[in-house]
Number of protein chains: 2
Amino acid sequence: MKDLVSRCPIEEVMRVLSGRWPTLLIYYLKEGTKRFSELQRDNPTVSHRMLSLELRKLEQAGIVERTVFDGYPLRVEYDLTRAGLDLVPLIDALGDWWTETDDTRALVPDEKA
Amino acid sequence: MKDLVSRCPIEEVMRVLSGRWPTLLIYYLKEGTKRFSELQRDNPTVSHRMLSLELRKLEQAGIVERTVFDGYPLRVEYDLTRAGLDLVPLIDALGDWWTETDDTRALVPDEKA
DNA sequence: CGGTATCCTCGGAGATACTG
DNA sequence: CAGTATCTCCGAGGATACCG
């Protein structure tokens with residue numbers, strides 16, 4: 001997923017949403033403002049480093065907003081932006097589609113058998 | 001993206017759609033039936049192997065249907081299934097969202113400067 | 001607490017070659 | 001033509017440690 005092979009906007013969104021974390025983070029952020037450590041607790045298996053990188057990616061994409069509160073210990077809050085909120089129903093629609101088409105996949109012969 | 005970390009359907013769809021090729025292949029397949037070699041021509045940078053693997057993944061997910069015609073040389077055709085066709089507008093919506101929120105990203109300071 | 005840098009590993013994906 | 005197998009390599013991502 002390094003370079004784009006088309007000028008298609010779809011390919012560009014997928015550059016941001018691809019992977020395990022982006023949609024999950026959006027999913028948890030729609031519950032409201034979250035701190036770094038809260039998101040870490042929401043996703044126990046995400047590494048410190050990846051959480052940081054993914055949040056930055058979402059920030060660059062205009063999906064997430066980052067607010068730093070000076071003081072000690074540090075305090076940083078993450079929110080969905082307006083664009084991020086607009087994205088939520090689209091992602092949900094994908095989830096619904098997946099659930100609704102579950103029977104289609106059930107027809108696939110089990111290769112593990 | 002190996003194992004799921006939640007039972008969330010969104011995470012499951014993203015397992016299928018993540019990466020450079022799935023959405024691109026769906027994009028080209030919505031033009032109609034395509035043969036393996038046609039898809040290869042549509043995406044000149046996809047490797048033989050990856051195209052094969054990705055098509056199988058989409059097939060397992062119930063998005064793409066594979067039809068083999070006996071004879072020589074071999075001939076295999078790929079189509080979107082009903083579920084695949086239903087998925088198209090959802091993916092398009094993501095593309096539209098991306099285009100519409102382009103100005104948000106334009107506000108991000110250029111780190112390459 | 002949140003972020004970054006460094007190191008290291010493991011598997012995703014390209015190239016190639018072979019079969020039906 | 002379409003698909004699979006083998007080999008290889010590069011980089012995504014984990015673990016760890018240190019800074020503001």
Side-chain angles (χ1 to χ4, degrees), chain A residues 1-6 11 14-25 28-29 33-61 64-79 108-109 111-112, chain B residues 1-6 11 14-25 28-29 33-61 64-79 108-109 111-112:
Chain A
M1 281 284 291
K2 254 328 179 30
D3 39 339
L4 293 173
V5 298
S6 76
E11 194 181 354
M14 292 312 294
R15 301 240 305 169
V16 176
L17 299 185
S18 276
R20 192 193 302 170
W21 305 118
T23 49
L24 271 180
L25 292 178
Y28 284 114
L29 280 173
T33 304
K34 298 256 183 172
R35 300 182 55 171
F36 188 89
S37 45
E38 290 180 284
L39 290 169
Q40 230 174 343
R41 257 171 267 123
D42 287 336
N43 312 59
T45 63
V46 72
S47 73
H48 194 67
R49 182 171 165 273
M50 280 313 290
L51 182 54
S52 180
L53 290 175
E54 295 292 330
L55 283 171
R56 253 160 209 34
K57 191 172 67 172
L58 293 176
E59 196 190 350
Q60 304 306 320
V64 160
E65 187 181 15
R66 184 167 168 274
T67 315
V68 182
F69 296 84
D70 291 334
Y72 206 87
L74 246 55
R75 177 200 177 85
V76 181
E77 289 186 351
Y78 291 92
D79 289 279
V108 176
E111 68 257 50
K112 276 284 165 41
Chain B
M1 280 287 289
K2 255 324 179 34
D3 40 337
L4 293 173
V5 298
S6 75
E11 194 182 355
M14 292 313 294
R15 299 240 303 170
V16 176
L17 299 185
S18 277
R20 194 194 300 168
W21 306 116
T23 49
L24 272 180
L25 292 178
Y28 284 114
L29 281 172
T33 303
K34 297 256 183 173
R35 301 184 54 172
F36 189 89
S37 47
E38 290 180 284
L39 290 169
Q40 224 171 205
R41 257 172 266 123
D42 287 335
N43 311 60
T45 63
V46 72
S47 73
H48 195 67
R49 181 170 165 273
M50 280 313 291
L51 181 55
S52 179
L53 291 175
E54 295 292 331
L55 284 171
R56 251 157 210 39
K57 191 172 67 172
L58 293 176
E59 196 190 349
Q60 304 305 321
V64 160
E65 187 182 14
R66 184 168 169 272
T67 313
V68 182
F69 296 84
D70 290 334
Y72 206 88
L74 248 53
R75 177 199 176 87
V76 180
E77 289 186 350
Y78 291 91
D79 288 279
V108 176
E111 69 257 51
K112 276 283 165 43

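In what follows, chains are A, B, ... by sequence order, proteins preceding strands, each numbered from 1. What you are looking at is a predicted structure, and each value in this text was computed from that prediction instead of being measured.
Separating the CG atom of A/D70 from the P atom of C/dC1 is a distance of 17 Å, rounded to the nearest angstrom. Here the C1' atom of nucleotide C/dG3 and the CG atom of A/L55 are 11 Å apart, to the nearest Å. The CZ atom of B/F69 sits 13 Å away from the C1' atom of D/dC1 (whole-angstrom rounding). Rounded to an integer number of Å, the gap from B/R35 CZ to D/dG3 C1' is 14 Å. Here the C1' atom of nucleotide D/dG3 and the CD atom of B/Q40 are 11 Å apart, to the nearest Å. Atom-to-atom, NZ of B/K34 to C1' of D/dA2 comes out at 17 Å; the value is rounded to the nearest Å. In this structure, A/E77 places its CD atom 13 Å from C1' of C/dG2, rounding to the nearest Å. A straight line from NZ of A/K57 to C1' of C/dG3 spans 18 Å, rounded to a whole angstrom.
Shown here are the side chain to side chain donor-acceptor pair (under 3.5 Å) partners of B/T33, two or more places apart in sequence or in another chain: B/D79. By the salt bridge (charged side-chain N to carboxylate O under 4.0 Å, His left out) test, B/R41 pairs with no residue at all, sequence neighbours left out. Shown here are the side chain to side chain donor-acceptor pair (under 3.5 Å) partners of B/R56, two or more places apart in sequence or in another chain: there are none. Scored by the side-chain contact (heavy atoms from CB on, under 4.5 Å) test, B/Y72 finds no partners at all (sequence neighbours excluded). By the side-chain contact (heavy atoms from CB on, under 4.5 Å) test, A/Q40 is found to be paired with A/F36, A/S37, A/H48, A/L51, residues two or more places apart in sequence or in another chain being considered. Qualifying side-chain contact (heavy atoms from CB on, under 4.5 Å) partners for B/E54, counting only residues two or more places apart in sequence or in other chains: B/W21, B/P22, B/L25, B/M50, B/K57. Residues forming a salt bridge (charged side-chain N to carboxylate O under 4.0 Å, His left out) with B/E38 (at least two apart in sequence, or on another chain): none.
To the nearest 0.5 Å, atoms CD (B/E77) and NZ (B/K34) are separated by 12.0 Å.
Taken over five-pair windows at either terminus, the axes of the helix from C/dC1-D/dG20 to C/dG20-D/dC1 are inclined to one another by 50° (rounded to 10 degrees).
Close to C/dG2, at under 4.0 Å from its OP1 or OP2, lies no side-chain N or O of A/R66.
Nearest-nucleotide positions on DNA chain D place B/E38 closer to the 5' end than the other of B/E38 and A/L53.
Nucleic acid contact class of A/Y78 (heavy atoms, under 4.0 Å, all strands): sugar-phosphate only.
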Assign a letter to each nucleotide of nucleotides 14-20 of chain C from its 5' end: B, base within under 4.0 Å of a protein heavy atom; S, sugar-phosphate only; -, no contact. BB----B
Stepwise side chain to side chain contact (heavy atoms under 4.5 Å, CB included) test for A/E11 and B/R20: CA-CA 7 Å; A/E11 194 181 354; B/R20 194 194 300 168; 3.4 Å; yes
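Distances from the side chain of A/S52 to the nucleotides C/dC1, C/dT4, D/dG3 place C/dT4 closest.
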